[in-house]
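Below is one structure, written out as C-alpha cells; the observations come after it.
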Amino acid sequence: MNAKLDSGVTTRPVTRQTFDEVLVPTYAPAAMVPVRAAGLDVWDQEGKHYLDFTSGIAVSSLGHCNPVLVDAMTKQINTLWHLGNGYTNEPVLRLASALTEATFADRAFFCNSGAEANEAALKLARKYAHTKFGPHKSRIISCLSSFHGRTLFTVSVGGQPKYTEGFEPLPQEINHIPYNDIDAARAAILDDVAAVIVEPIQGEGGVIPGDKDYLQALRELCDKTGALLIFDEVQSGVGRTGTLYTYMETGVTPDILTSAKALGNGYPIGAMLTTNAIAEHFNVGSHGTTYGGNPLATTVALNVIETINQPAFLARVKDASAKIFANLDKLSADYPQLFGKARGMGLLIGLPMAEGYKGRAKDLTKVAEKMGLMLLVAGFDVVRLAPALIVSDEQILEADRIMRAAVDEFLAAA
Ligand SMILES: *Cc1c(COP(=O)(O)O)cnc(C)c1O
C-alpha cells in the first residue's frame, strides 16, 4: 500500500470550517461544500441537491462531468499528459486548426487561464506597437468596471480600482474610459495608443452588453490610430451568448481575441487568437508557459469546440435564452419594487436589483441557494444567471419556480 494513503491525508474528514483554517482567505465560499455533480445537478456533503445556474462562473457550459468530455479526457489521460513546449502534440495542433478555421484568426497561443490569455494579448500588443511604431506607442485603453483577470498587468488594465489598491507600483500608461461612451473613446484613442481592450459584453461589471455602434466606433478609432483592438471573450465566448464568439454577432472583428473559462469546461485552459501579421511580432522566447497547450487541456477544448460550434446547438442557446428572459421579464413585472429589467445576451443574463434593494443581490442568491438553486452575482446590485448551455426546458421552469419562492422568502424576511 501507498504510505501516503495509509496516513489518511486523502480521506480525512474536511468541512467548510477547514477552509477558514488552511486556505489563504482570498475567497468567501458558500456554506455548503459540493462533492459531486452531473449536468446541471450538484450535490453537497449532506447529499442535498442543487440546480446549478452558475456553471462555475460561465465555465461548465456542457454540464458537469459531461460524458463526451469524460470519455475524451480518459483516453488522453491514458495516452499522454505533458511533455513541455520542447515538443508539440496532436491535440494542440487539432485545436489550433479548429479555432483558426472557425474564427477570424490565423494563429493561436495557449495558456491556462483568462488572465494569462489577456496578459499574452497585452504583451503582444505592446511588442507589436513598439517594433512597428516605436516605444512612444505604448498606451492601453480599457473600460471602467471591466474585468480582465488578476495578474498585476491585468488588474491594472481592468477597470475596478478596488482590485489594484495596495499593489502599487502598477504598470504604466493605462487609461480607463466609460463603457459604451463613443465620445470618451474618441478623446482617449490617440496616436500613442497601442491597444484598446474591451469585453463585448461586460460580465463581472454587471452583465452590460456593448452597443454595436460603440464596438464599431472602437474598431474605426483603432484603424485610424494603428492601435490593436482586443476583445476579451473569456466570459462571453465559446457559445455563451449564442454564437461561437460574440464578435461574430456584433459585426466587429477584433485584432486579438482572448478565450478561457468555457473553453475547457472546467479543465484549465486559455487561448489568445490573432492574425499572422500580428502574431509574427512574437518570436521564439518572446512569451510562454509550461502547461500552455498541453495534450490534456487541448483534448478537452477540442471536444468542447466541436460540440458547441454546431448551428443546432447554438440555436438552442438562443431558444433557452428567450425562455429565461420571458420568465425574468414576468418576475420583474410582478416585483417591480425588487428588480429592474433583465439584460444580457444568450445565457449570460443579469437581473438588476431595483433602487430600494441595491447591494442586496448576494442576500437574494443565498436564499435561492438554501432552496436548491445556485445563482451568481455581478457586483453588489445584479443577480447573474449563467446556466450550462445544455439547460433543459424543465430546468428553466424549475429555476423560475425556485426563484419565485426565494423572492417571497427574501421579501418576507426583509
Ligand atoms: C473571468 C474573466 C477573466 C479572468 O479569467 P481567469 O481564468 O480567472 O484568469 C478575464 N476576463 C473576463 C472577461 C472574465 O470574465
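Remember, it's a predicted structure, so these values are computed and weren't measured experimentally. Counting starts at 1 for both ligands and their atoms, in listed order.
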Part of T154 within contact of ligand 1 (heavy atoms, under 4.0 Å)
neither
Close-contact set for ligand 1 against N118 heavy atoms, below 4.0 Å:
10 (C), 11 (N)
For residues Q235 and E204, is any side-chain donor paired with an opposing acceptor at under 3.5 Å?
yes
Tell me which part of E199 gets within contact of ligand 1: side chain, backbone, both or neither, using heavy atoms under 4.0 Å.
side chain
Establish, from distance only, whether the side-chain atoms of N283 and S286 form a donor-acceptor pair under 3.5 Å.
yes
Give the atom numbers and elements of ligand 1 that come within less than 4.0 Å of a heavy atom of H148.
10 (C), 11 (N)
Can you list the atoms of ligand 1 that are under 4.0 Å from a heavy atom of D232?
10 (C), 11 (N), 12 (C), 13 (C)
What part of A260 sits under 4.0 Å from ligand 1 if we count only heavy atoms: the side chain, the backbone, both or neither?
neither
Answer yes if the side chains of D232 and N118 hold a donor-acceptor pair under 3.5 Å, and no otherwise.
yes
Test your reading of the structure: does A115 have an N or O sitting under 3.5 Å from an N or O of ligand 1?
yes
List the closest protein heavy-atom neighbour of atom 5 (O) of ligand 1: residue, atom name, distance to the nearest 0.1 Å.
G114 CA, 3.3 Å
Heavy-atom contacts with G149 under 4.0 Å: which atoms of ligand 1 show up? List them by number with element.
4 (C), 10 (C)
Ligand 1 atoms nearer than 4.0 angstrom to some heavy atom of S113 are 7 (O), 9 (O)
In terms of side-chain geometry, is the basic nitrogen of E119 or K123 positioned less than 4.0 Å from the acidic oxygen of its partner?
no
Assess the side chains of D41 and Y50: does a donor N or O sit below 3.5 Å from an acceptor N or O?
no
Given the protein's heavy atoms, is any one of them under 4.0 Å from atom 8 (O) of ligand 1?
no
Does a donor on one side chain sit under 3.5 Å from an acceptor on the other, for E116 and T151?
no
What do you reckon, are the aromatic ring centroids of F104 and Y247 less than 6.0 Å apart?
yes
Distance alone, cut at 3.5 Å: any donor-acceptor contact between the side chains of Q76 and T79?
no
May I ask you to list the atoms of ligand 1 that are less than 4.0 angstrom from any heavy atom of Q235?
15 (O)
Can D192 and R139 be counted as an ion pair, charged N to O under 4.0 angstrom?
yes
Taking only heavy atoms of K261, which atoms of ligand 1 are found under 4.0 Å from at least one of them?
1 (C), 2 (C), 3 (C), 14 (C), 15 (O)
